[in-house]
2 protein chains.
Amino acid sequence: MKLDDIDRSILRTLQRDGRIQNIELAREIGLSPSPCLRRVKLLEDAGVIKGYSAVIDAASVGYGVTLFARVWLTHQDSTTISRFVEAIAAMDQVVECHLMAGECDALLRVVAADLNDYYRFQADHLSRVDGVSNVKTDVPMQTVKTGRGIPISRR
Amino acid sequence: MKLDDIDRSILRTLQRDGRIQNIELAREIGLSPSPCLRRVKLLEDAGVIKGYSAVIDAASVGYGVTLFARVWLTHQDSTTISRFVEAIAAMDQVVECHLMAGECDALLRVVAADLNDYYRFQADHLSRVDGVSNVKTDVPMQTVKTGRGIPISRR
DNA sequence: TCTGAAATTGATGGCTT
DNA sequence: AAGCCATCAATTTCAGA
């Protein structure tokens with residue numbers, strides 16, 4: 001699907017405020033409500049907008065820390081990897097998992113109540129997964145950019 | 001703010017579908033629309049719900065790849081760090097930036113049109129930032145968990 | 001705090017330009 | 001492809017339980 005300036009404008013606004021009312025969205029981008037809504041539906045149907053989500057404060061629901069874990073596997077064959085992926089899928093605390101092409105085999109983003117909670121998770125669960133040979137944890141001290149939202153250029 | 005089961009239920013649902021109508025949200029969690037809306041407002045006011053966002057398909061807006069860059073700085077003093085942070089803040093392609101406590105000094109998530117686009121970004125912009133001594137890029141081959149959403153236990 | 005009704009406001013679709 | 005307008009549905013407020 002090819003996007004024009006108005007579409008990009010809609011995307012930028014909806015990324016910033018996913019619950020904006022159509023009537024106000026239309027005002028912001030300078031269109032009347034009907035064509036605005038039509039465009040939004042088209043963007044949804046085309047999969048450009050994949051969904052909407054409330055952004056929840058992790059600390060408020062008991063997750064005080066977010067950590068990154070780099071994982072090395074014993075082997076890189078498909079059996080080892082798919083077993084690992086399956087185990088990771090079942091771990092709620094792992095909110096993100098990328099299989100990597102470089103030095104390490106996987107990069108995880110993990111949420112935990114605190115560092116102790118994380119250490120327990122790593123020692124009792126992550127490190128015991130079949131095929132995991134090594135885990136290195138990177139601890140953020142301060143988050144400068146939050147990662148919600150991608151840049152959508154004006155042109 | 002302390003959350004009860006209904007609040008958690010609301011959060012879980014709104015995280016999955018941030019644009020769900022209040023009337024349907026109320027049905028799902030087994031409440032009538034008025035108290036449901038009141039709870040949502042309270043959660044918003046308390047900062048438990050930080051906002052709402054449309055989830056946009058990066059590829060559709062021209063970002064084919066997401067990469068992680070680990071950055072080492074020449075020094076860890078506040079001047080070097082704050083200059084680095086300022087430079088990073090101005091780079092739209094950097095969607096996430098954490099200052100780290102361990103081996104490396106910063107972990108970035110960067111979006112780019114393709115690998116060439118990223119290499120240009122790294123060579124022409126990131127590596128030239130004052131205080132940056134070393135950059136190592138980790139390339140995801142496959143993303144197994146997407147990282148939108150945190151677990152909210154039923155209890 | 002919830003329920004239920006009433007009033008305001010927005011969403012939605014057909015038709016015209 | 002956008003604007004206008006009529007209809008329908010949801011949001012929001014406020015009484016009472």
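Note: hydrogens, waters and symmetry copies are ignored here, and every other heavy atom, side chains too, is used.
- For the pair A/Leu3 CG and D/dA1 P, the computed distance is 13 Å after rounding to whole Å.
- Within residues 44-55 of chain A, no residue has any heavy atom under 4.0 Å from DNA chain D.
- When B/Val95, B/Thr137, B/Val135, B/Leu126 are each tested for a side chain to side chain contact (heavy atoms under 4.5 Å, CB included) with B/Leu108, only one passes: B/Leu126.
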I'd like to know whether A/Val40 forms a side chain to side chain contact (heavy atoms under 4.5 Å, CB included) with A/Leu14, so could you lay out the CA-CA distance, the side-chain angles of the two residues, the decisive distance to 0.1 Å, and finally the verdict.
CA-CA 9 Å; A/Val40 172; A/Leu14 283 177; 4.2 Å; yes
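- Relative to the axis of its first five pairs, the axis of the last five pairs of the helix from C/dT1-D/dA17 to C/dT17-D/dA1 sits at 30°, rounded to 10 degrees.
- Here D/dA1 presents its C1' atom at 13 Å from CD1 of A/Ile10, a figure rounded to the nearest Å.
- Under the salt bridge (Lys or Arg N to Asp or Glu O under 4.0 Å) criterion, the residue pairs touching residues 120-134 of chain B are B/Asp117-B/Arg120, with sequence neighbours excluded.
- Residues in residues 90-116 of chain A take part in these ring pair (Phe, Tyr, Trp, His ring centres under 6.0 Å) pairs, two or more places apart or across chains: A/His98-B/Phe68.
- Residue pairs meeting the ring pair (Phe, Tyr, Trp, His ring centres under 6.0 Å) criterion with at least one member in residues 99-128 of chain B, sequence neighbours excluded, do not occur.
- Other cluster members for A/Ile23: none, since no ILVMFWY side-chain heavy atom sits under 4.5 Å from it.
- Take A/Asp4 and apply the salt bridge (Lys or Arg N to Asp or Glu O under 4.0 Å) test, not counting sequence neighbours, and it matches A/Arg39.
- The CG atom of B/Leu31 sits 12 Å away from the P atom of C/dT1 (whole-angstrom rounding).
- With sequence neighbours left out, A/Tyr52 forms a side chain to side chain donor-acceptor pair (under 3.5 Å) with A/Glu44.
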Spell out protein contact along nucleotides 11-17 of chain C as letters: B when the base is contacted, S when just the sugar-phosphate is, - when no protein heavy atom is under 4.0 Å; keep the 5' to 3' order.
SSB----
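- Through direct or indirect side-chain contacts shorter than 4.5 Å among Ile, Leu, Val, Met, Phe, Trp and Tyr, B/Trp72 is connected to no other residue.
- Separating the CZ atom of A/Arg27 from the P atom of C/dT9 is a distance of 12 Å, rounded to the nearest angstrom.
- C/dT1 atom P lies 10 Å from atom CD1 of B/Ile6, rounded to whole Å.
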Donor-acceptor list for residues 24-32 of chain A side chains, cut-off 3.5 Å, not counting sequence neighbours:
unit_1: A/Glu28; atom_1: OE1; unit_2: A/Arg16; atom_2: NH2; d: 2.9

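- Within the structure, the ring pair (Phe, Tyr, Trp, His ring centres under 6.0 Å) test picks out no pair touching residues 6-31 of chain B (sequence neighbours left out).
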